[in-house]
2 protein chains.
Amino acid sequence: MTWIKAPAGEPREKTRMTTFAEAFQRFADQFLPPNLSDAMHLRFQAAARSSQLGRENSLEFGDGGQHIVFVVRGATKLVAHASESRDQIVAFHFAGEVFTVPEPGNHSYSVSALKDCDILSFRWTDFSTLASSEPAVLRRLLETTMQSLRRCRENAIGLGRKTAGERIAVFLLGMAERIGSEQDGRIFLDLPMSRRDIAESLGLTIETVSRQLTKLKEEGVIQTAGRSGVILGARGHLRDRAGFLLEAA
Amino acid sequence: MTWIKAPAGEPREKTRMTTFAEAFQRFADQFLPPNLSDAMHLRFQAAARSSQLGRENSLEFGDGGQHIVFVVRGATKLVAHASESRDQIVAFHFAGEVFTVPEPGNHSYSVSALKDCDILSFRWTDFSTLASSEPAVLRRLLETTMQSLRRCRENAIGLGRKTAGERIAVFLLGMAERIGSEQDGRIFLDLPMSRRDIAESLGLTIETVSRQLTKLKEEGVIQTAGRSGVILGARGHLRDRAGFLLEAA
DNA sequence: CGCCTGCATTGACCTGGATCAAGGCACCTG
DNA sequence: CAGGTGCCTTGATCCAGGTCAATGCAGGCG
């Protein structure tokens with residue numbers, strides 16, 4: 001695997017906070033069953049590769065296969081390259097999450113860092129071999145994959161059928177759920193991604209994202225604090241703008 | 001579960017071709033490992049529910065949970081309801097395929113028949129319990145889910161970043177791969193879905209779908225035969241219009 | 001602590017595809 | 001095989017969001 005798009009030419013390592021052993025331990029705690037034999041534990045460890053990615057560095061998997069990735073620390077985007085300058089962000093992932101990177105086919109995929117990251121990755125062929133006789137690992141992986149599929153489908157609904165305003169509302173609600181911190185009824189968000197990233201995940205342009213955020217601000221639904229801070233008022237107001245099913249409840 | 005949108009008020013059963021036992025046998029042949037014990041086989045059978053769906057009938061899962069569906073015969077669409085008259089088709093599935101139907105959340109999902117169908121469904125809670133100690137079943141399900149995820153992601157790229165023309169080209173190529181029949185270098189497609197279905201799966205309108213097909217016809221890339229027949233000439237010409245990565249190869 | 005750089009915002013204009021509105025023609029039915 | 005019904009196609013117009021073009025401003029660096 002290789003690094004590309006390194007803004008300063010070289011991948012940064014300035015805030016490396018985890019050793020390989022620590023990283024793997026976090027993965028095991030999070031993902032492997034507690035009663036897994038030491039032997040299997042070691043075999044998984046042997047299959048793992050760790051990477052440190054500085055902001056906007058990306059990880060390309062050159063071997064043409066599918067991969068499993070665990071985010072030890074930081075936040076990532078999974079980017080699909082449709083053609084020159086037409087990228088679509090397929091998913092964001094935060095510390096503690098596991099996801100799969102598809103093998104390149106009609107489009108190629110890469111994982112890149114929203115902020116400094118530690119990442120653990122496995123070739124799918126290796127991981128699959130190890131997991132195949134461990135039902136607990138398979139269940140965990142299935143659960144994770146189903147979660148990704150649900151998110152991807154919800155996203156597809158947005159991309160196919162929602163207006164720009166609705167997409168932004170859905171995005172903010174989703175992020176609030178994943179990385180928001182609640183404090184006396186208001187939700188504080190510190191978005192790790194740029195406007196460009198938001199736009200590329202919602203199938204919009206940065207200008208439209210900006211205009212919609214301004215609109216929400218003017219209407220008093222959100223407040224902003226610097227480039228990355230967003231404060232959501234009553235969640236209901238955003239939900240009303242998300243184009244969800246209005247439940248009779 | 002209940003049927004809705006029955007065009008003639010009642011679900012049709014005119015061409016029921018498979019008994020429950022036959023249907024389950026096809027599922028087992030296709031999806032369960034050959035060496036599965038008779039006891040487990042019976043438990044899976046006990047968890048299965050079969051449905052016959054006439055064209056445009058749909059299956060709603062009223063119990064609020066996730067479901068596993070096997071298409072015994074026919075072809076289905078998985079529809080997400082964003083709000084009144086804004087449906088997004090999330091996936092098409094053909095005979096022999098297995099897929100999951102998400103539980104209703106912000107949007108609700110239903111499975112409906114493109115043509116007369118026999119279907120087998122399982123509540124996820126039941127299926128999951130049975131499969132949890134059968135690595136072979138888990139692997140199969142994981143494989144299926146990953147396949148759905150890959151398709152959903154490719155679709156998301158299209159919905160987010162491709163033009164109407166590109167989406168149609170991608171759609172035709174995908175269908176050619178799944179249900180096309182090749183004959184002296186040309187591929188014959190008999191599309192089971194209407195223009196409306198195509199539009200709802202690609203995030204377009206029927207008019208745009210029609211115009212793009214006309215354009216492809218005028219340009220000699222495809223020929224049409226009646227409403228559902230499409231003949232693709234050299235596949236390369238369609239690929240050129242699909243907005244895929246141009247590989248240096 | 002003020003300049004510099006690059007993201008973010010705002011404004012003016014344009015366009016691909018949606019919407020609205022007729023026809024046309026496949027396929028069914030009798 | 002004539003007549004009807006519901007898709008499908010085609011044409012005219014509109015508009016949400018894209019594109020192009022400044023300007024503003026946060027955060028880093030000398």
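Naming convention: chains lettered A, B, ... in sequence-line order (proteins, then strands); numbering from 1 in each chain.
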Look at B/R241 together with B/E219 and state whether they make a salt bridge at an N to O cut-off of under 4.0 Å.
->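 Yes, charged N to carboxylate O under 4.0 Å.
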
Looking at A/E22 and A/R73, does any basic side-chain N land under 4.0 Å from a carboxylate oxygen?
->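 No, this pair does not count.
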
Nearest-nucleotide pick for A/E207, side chain only, options being D/dC8, D/dG18, D/dC20 =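 For A/E207, the side-chain atoms sit closest to D/dC20.
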
Can you check side chain to side chain donor-acceptor pair (under 3.5 Å) on A/R167 and A/Q212, steps first, answer last?
-> CA-CA 10 Å; A/R167 293 181 205 193; A/Q212 292 297 333; over 6 Å; no

Within the structure shown, what part of the strands sits under 4.0 Å from [X] by heavy-atom distance: base, sugar-phosphate, or nothing?
X: B/R227; value: base
X: B/I206; value: nothing
X: A/G203; value: sugar-phosphate

Option from B/T205, B/I89, B/I206, B/V209 for which side-chain contact (heavy atoms from CB on, under 4.5 Å) with B/R196 holds =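 Filter result, single survivor: B/I206.
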
DNA chain C: 5'-proximal contact among B/G226 and B/R167 (nearest heavy atom) =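 Nearer the 5' end of the strand: B/R167.
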
So where does chain A start and stop touching DNA chain C, 5' to 3', when the test is distance under 4.0 Å to a non-hydrogen atom?
->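 The contact span of chain A on DNA chain C goes from C/dG6 to C/dA12.
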
Looking at five pairs on each end of the helix from C/dC1-D/dG30 to C/dG30-D/dC1, what is the angle between the two axes, given to 10 degrees?
->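 For the helix from C/dC1-D/dG30 to C/dG30-D/dC1, the axes at either end differ by 40°.
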
Under 4.0 Å between a side-chain N/O of B/R196 and OP1 or OP2 of D/dC7, yes or no?
->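 For D/dC7, OP1/OP2 do not have a side-chain N/O of B/R196 under 4.0 Å.
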
Can you check whether A/T163 has a side-chain N or O nearer than 4.0 Å to OP1 or OP2 of D/dA16?
->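 Checking D/dA16 against A/T163, no side-chain N or O comes under 4.0 Å of OP1 or OP2.
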
